[in-house]
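Please read the structure below before turning to the comments.
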Amino acid sequence: NENGEVDAAPESNESEYLSPVTVGGQSLNLDFDTGSADFWMFSSSMPLSQSQGHSTFNASKSSTWSVYKGASWEISYGDGSSASGTVGFDTVDIGGATVTSQAVELATGVSGSFTSDVNNDGLVGLGFSSINTIQPQQQKTFFENIMDDLEQPVFTADLEDNATGSYNFGTIDPSEYTGDIHFTAVDKSNGFWEFASDTYTVGGNKSQCQTCSPAIADTGTSLVLVDDDVAAAYYGQVSSAVYDSSQGGYTYNCTESLPTFGIAIGSDYTATLQGADITFAQIDSQTCFGGIQGNSGGGIQIMGDILLKQFFAVFDGGNETFGVAEK
Ligand SMILES: O=C(NNC1=NCCC1)c1ccc(Br)cc1
């Protein structure tokens, strides 16, 4: 089989996790993103003004590279960042799991937030290829390409709080979690690992949602973005919390002890965050920015790293399910 395992190292502010990937013999640190389906890297054909500080992929130095003539790609992410460029095929190795002809997208241009994030050399999209942006023909993700050669058609994410975690392709390592894995059915029609989430808890008190948007498991998003009524209900229980439009979200006094927050993962499990694990950043001597924020009526709730790093997550491409376990 083609199983593989790599580290997932948190960036300084835990806004993302980076993993080593080898493409055509060249190693770069990439952000595994279950919320998108493009595999792209900084390339030597970018203006230096955009790539300085990054590792770049140089296609002319890869003996296994082949150009996808006439193809291009262009992607925009939920945080407003974007990238675009050209396409080829090469051998991709992630911790021993190898795909010999992976569609690899080379950036010729990226938005400012990618340039300034010098630890991030690109993204590995682990969503579904129905949202891949390659034209004229969408291409499969690394996981879709390798799934049938894995011991089990799964990958797992063990993101950690202030520590290096791991991504595993092909096995569910029992040493990485405790108790049961709570699975729920995934609806892949929007290209995401999407599931129903109809209840939530604040301080242990369960509430029925009003908007009840479906949720996605998105390793590429830092925060937990819930329906606006849920965010308002949560911060309504935090006495100093205000919605600060200049910061783009709810802030509160860092000395507050926050209530727990739970979100349903399908119909039979609630993933609960401790209050101490909910703050995303300290923005000044007294003020903190919450890791739970509203989705501005976006119609999808995003379970990002703030939640995922508290659990062991299983993405099952065979059963088309998503599961979490405590650890
Ligand atoms: O872009 C998304 N996830 N990935 C990444 N974010 C930032 C860099 C990578 C994303 C996915 C689904 C929805 Br709905 C909103 C946003």
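Throughout, numbering of the chain's residues begins at 1 and tracks the sequence. Every number for a ligand or one of its atoms is a count from 1 in the order of the listing.
Atoms of ligand 1 found under 4.0 Å from any heavy atom of D79, numbered from 1 in the order shown, are 7 (C). The contact set between ligand 1 and F192, taken as ligand atoms under 4.0 Å from a residue heavy atom, comprises 11 (C), 12 (C). For ligand 1, the atoms closer than 4.0 angstrom to any heavy atom of G78 are 1 (O), 2 (C), 16 (C). The atoms of ligand 1 that sit less than 4.0 Å from any heavy atom of I216 are 12 (C). Which parts of ligand 1 touch L123 is read off a 4.0 Å heavy-atom cut-off, strictly below it: atoms 9 (C).
Under 4.0 Å is where a charged nitrogen must lie from a carboxylate oxygen, and between K188 and E194 no such pair does.
Counting only heavy atoms of the protein, atom 6 (N) of ligand 1 lies nearest to G220 O, 3.3 Å. Protein heavy atom at the shortest distance from atom 9 (C) of ligand 1 is D33 OD2, 3.3 Å. Closest to atom 13 (C) of ligand 1, if we only count protein heavy atoms, is I302 CD1, 3.7 Å. In terms of protein heavy-atom proximity, atom 3 (N) of ligand 1 is closest to D218 OD2, 2.7 Å.
Within the model, atoms SG of C288 and CD1 of I283 stand 7.5 Å from one another, a figure rounded to the nearest 0.5 Å.
Residue-to-ligand polar distances keep I300 apart from ligand 1: every N/O pair is separated by 3.5 Å or more.
Under the 4.0 angstrom criterion for non-hydrogen atoms, D31 is not in contact with ligand 1.
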Show the numbers, then the answer: is there a side-chain contact (heavy atoms from CB on, under 4.5 Å) between V21 and V92?
CA-CA 7 Å; V21 175; V92 172; 3.8 Å; yes
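A donor atom on one side chain and an acceptor atom on the other are not found under 3.5 Å apart for N132 and Q139. Judged purely by distance below 3.5 Å, without hydrogens or angles, the side chains of E74 and S82 never pair a donor atom with an acceptor atom. In the model, S129 has a side-chain atom that pairs as donor or acceptor with a side-chain atom of E144 under 3.5 Å.
Checked against the 6.0 Å centroid threshold, F57 and W40 do not count as a close aromatic pair.
Atom NZ of K140 has 12 or fewer heavy atoms from other residues, nucleotides or ligands within 6.0 Å.
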